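Here is the structure we will look at, set down as structure tokens.
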Amino acid sequence: MLRLSLRSEIHDKLSESFLETFGKKSADFVVEIPPEGFGDYSTNIAMANAKLLHMAPKRIANKLLEALKAVSWLTSIEIAGPGFMNFKLSKEIYKHVLSEFIEEVKFPKLAKEKVQFEFVSANPTGPLTVGHGRQAIIGDVLSKVYRSVGYDVTTEYYFNDAGKQMKALGHSLWIRYNAIYGENQEFEEDDYKGEYLINIAKEFASEHGDAYIGKWNEEVQKFFTSYARDRMFDWIKRTLDKIGVRFDVYFKESSLYEKGVTDKAMALLKKREYVYEKDGTVWFAVSKILPEEEDRVIIRKNGEPTYFFSDIAYMLDKYQRGFKRVYYIWGADHHGYIPRMQAAAQALGVPDNFFNVIIHQFVTLKSGNEVVRMSKREGEFTSLEDLVERVGKDATRYFFAMLDPNTHLVFDVDLAESKKMENPVYYIQYAHARVVSLLRNAREKGISWENATLEGLALPAEFDIIRYMAEFQDVVTSVVSEYKPQKICNYAYSLSEKFHSYYNANKIVDVENKKLSADRISLCVGVKNVLRTVLSLLGTSSPDSM
RNA sequence: GUGCCCGUGGCUCAACGGAUAGAGCGUUGGAUUCCGGAUCCAAAGGCUGUGGGUUCGAAUCCCACCGGGCACACCA
């Protein structure tokens, strides 16, 4: 039985034929959809092996051609240009692929490994920014994709719940609380002066009254801190919920200390001689592993561990929990952090490839001709929540997913908000809704398609669409290996484009010709199934009507 | 200064080392007695930042430079 990826099928046949013909394994080569006029698929196998075989590409191609004659579904093989081999496929195979997609959109099964994606991980000291939003969507989409191809995926949010930042948060809340009662207290330098704490202070006051005015000690500090932390976290979770992101695990930094993982990590590093003391602090010898990097402090002069140390322990914890690979999604501002973490991975003795980082660049918001730079400072649309409320979940998700994580994202708020043609999300969803409406219409006219023979399909556009459906598994596979969610967006968009164009040029539902209608409707059902699957990977809805 | 990322039509972006560099927005001109016009068709618009190199072939890989972003803490 053929797989759903025609490329893979052809690739395999070529590999076999090559081995048969030349007695050795082929060098890497690709099978691709060529520009129009060069057949259905093409390969560079002959050119790629010219060096290996010391033979002209065209001669290689000619020899392979003999071996490939046995493959019945390759109806034509041509050698062109510098040595491309161009194939045409039989109608039968296209019908077969389509019937598979009508039944079910199958994912390639790539692995069963236990892996983890950790992202967002913002400390609960303020509202999430649009940058966090991008990260959340990249992480969420990638985890969905990994899960779909068989990985055992855990998504995780790590946050600091005990450190200096949290104390400052508690103190800031206390200041706002006092202010409600007209009691002016001074902010400390590291305090959070954002106005968002005012509302939380009001809630606090209504729940607990005025007992803490002007009273500040350790006990009060702890109380305010935990109150503020919980409220901030509720807020963060609510925001994430609005964009459809939920985590399997919310991991507290403090648990590393409670569980003793930090002690273990320290013991391990000591045993392997990667730590030393100097100037009253404890250092991790990054340079012992990466000579061009600097060593880093892990225990401060005041005896408190640094964040880096917690991160080392956290990595150990991840490893001990049985993950084969862990993915960290970080903003570009953290890229400098990678080498020391790699060194830590090596020092802890986790396997190569265990530690993986996906870096994404920053987000800029654009509205009209105004470019709003993302900043911590509360302004217009800098918070993720404001953005989602304005453009909606589907558009937010799509726009964050649609660009290569490695490029700067200019988020066009007006475009995302628009319910018109230029908005790619609506364009794709419209294609889906259109098929649904088409099916309803056909049923009303008494046309059924469940037993369509597909024999009537004959137009180039029809086979082009089926061929593009057959790309689905390859797209998914490349997202897994390249960490590029935008490929899903591009795929969904192109498929919609092909569908809209086909729809406009051809009558699908025609009572005068029920047999042909059934075949064409079947094609549309395939398109619908793929679109729905792809939209679900993006976490956006597939409306039946709009 | 050092390191990482990016540089593709006016704007925002695609392109798996391959054949004629593709879309959308914007601009211009068309399509509806008919399945959803939230659609479609077409035109104009490019020395892929610059200069070298690698090879049968480079937007893609390497080097240098230019321009933009980010990072260089006992902060996270």
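So that the names make sense, note that chain A is the first sequence line, chain B the second, and so on, each numbered from 1. Quantities reported herein were computed from a predicted structural model and do not represent experimental measurements.
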base_contact_polar (B:A76 base, A:D311 side chain, donor-acceptor, <3.5 Å): no
So, does the side chain of A:T306 form a donor-acceptor pair with the base of B:A73 at under 3.5 Å?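 In this structure, the two groups form no donor-acceptor pair.
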Counting the atoms with a prime plus P, OP1 and OP2 as sugar-phosphate, which does [X] contact under 4.0 Å by heavy atoms, base, sugar-phosphate, or nothing?
X: A:D295; value: nothing
X: A:A332; value: sugar-phosphate
X: A:Q165; value: sugar-phosphate
X: A:S494; value: nothing
X: A:A56; value: nothing
X: A:S478; value: nothing
X: A:E497; value: sugar-phosphate
X: A:S517; value: nothing
X: A:R520; value: nothing
X: A:L403; value: sugar-phosphate
X: A:D412; value: nothing
X: A:D28; value: nothing
X: A:H335; value: base
X: A:F308; value: nothing

Among the nucleotides [options], which one has an atom lying closest to any side-chain atom of [X]?
X: A:Y337; options: B:A76, B:C74, B:G37; answer: B:A76
X: A:R434; options: B:G18, B:U39, B:A15; answer: B:U39
X: A:Q486; options: B:C70, B:A15, B:C6; answer: B:A15
X: A:N504; options: B:U39, B:A15, B:C74; answer: B:U39
X: A:T407; options: B:A38, B:C6, B:C74; answer: B:C6
X: A:H408; options: B:A71, B:G68, B:G24; answer: B:G68
X: A:Y307; options: B:G24, B:C74, B:A76; answer: B:A76
X: A:H334; options: B:A38, B:A76, B:A14; answer: B:A76

Nearest-nucleotide comparison on RNA chain B, the residue closer to the 5′ end among A:V30 and A:N86: A:V30
Quick one: on RNA chain B, does A:S42 or A:N123 contact a more 5' nucleotide (nearest heavy atom)? A:S42
Distance in Å, A:N160 CG paired with A:E253 CD, rounded so as to fall on 0.5 Å steps: 4.5 Å
Hunt down the Watson-Crick or G-U wobble partner of [N], both distances under 3.5 Å, from any strand shown, or write none.
N: B:C34; answer: none
N: B:G22; answer: B:C13
N: B:A42; answer: B:U28
N: B:A64; answer: B:U50
N: B:G3; answer: B:C70

Taking the six-membered ring for Trp and the full ring for Phe, Tyr or His, determine whether the centres of A:Y41 and A:F87 are under 6.0 Å apart. no
Rounded off to whole Å, could you give me the [atom1]-to-[atom2] distance for the [X] and [N] pair?
X: A:D510; N: B:C35; atom1: CG; atom2: P; result: 12 Å
X: A:Q135; N: B:C70; atom1: CD; atom2: P; result: 17 Å
X: A:K51; N: B:G17; atom1: NZ; atom2: C1'; result: 12 Å
X: A:I359; N: B:C6; atom1: CD1; atom2: P; result: 12 Å
X: A:E482; N: B:U60; atom1: CD; atom2: C1'; result: 12 Å
X: A:D404; N: B:C5; atom1: CG; atom2: C1'; result: 10 Å
X: A:E32; N: B:A14; atom1: CD; atom2: P; result: 19 Å
X: A:D333; N: B:G69; atom1: CG; atom2: P; result: 15 Å

Should we say atom CD of A:E36 is surrounded by more than 12 heavy atoms from elsewhere, each under 6.0 Å from it? no
For A:K193, look at atom NZ and say whether over 12 heavy atoms of other residues, nucleotides or ligands are found less than 6.0 Å away. yes
Do A:Y274 and A:I289 touch side chain to side chain, with heavy atoms closer than 4.5 Å? yes
When you check the side-chain N and O atoms of [X] and [Y], is any donor under 3.5 Å from an acceptor?
X: A:D394; Y: A:Y426; answer: no
X: A:H132; Y: A:T129; answer: yes
X: A:Y314; Y: A:E156; answer: yes

Measuring only the C1' atom in each nucleotide, how far is B:A14 from B:C25? A whole number of Å is fine. 15 Å
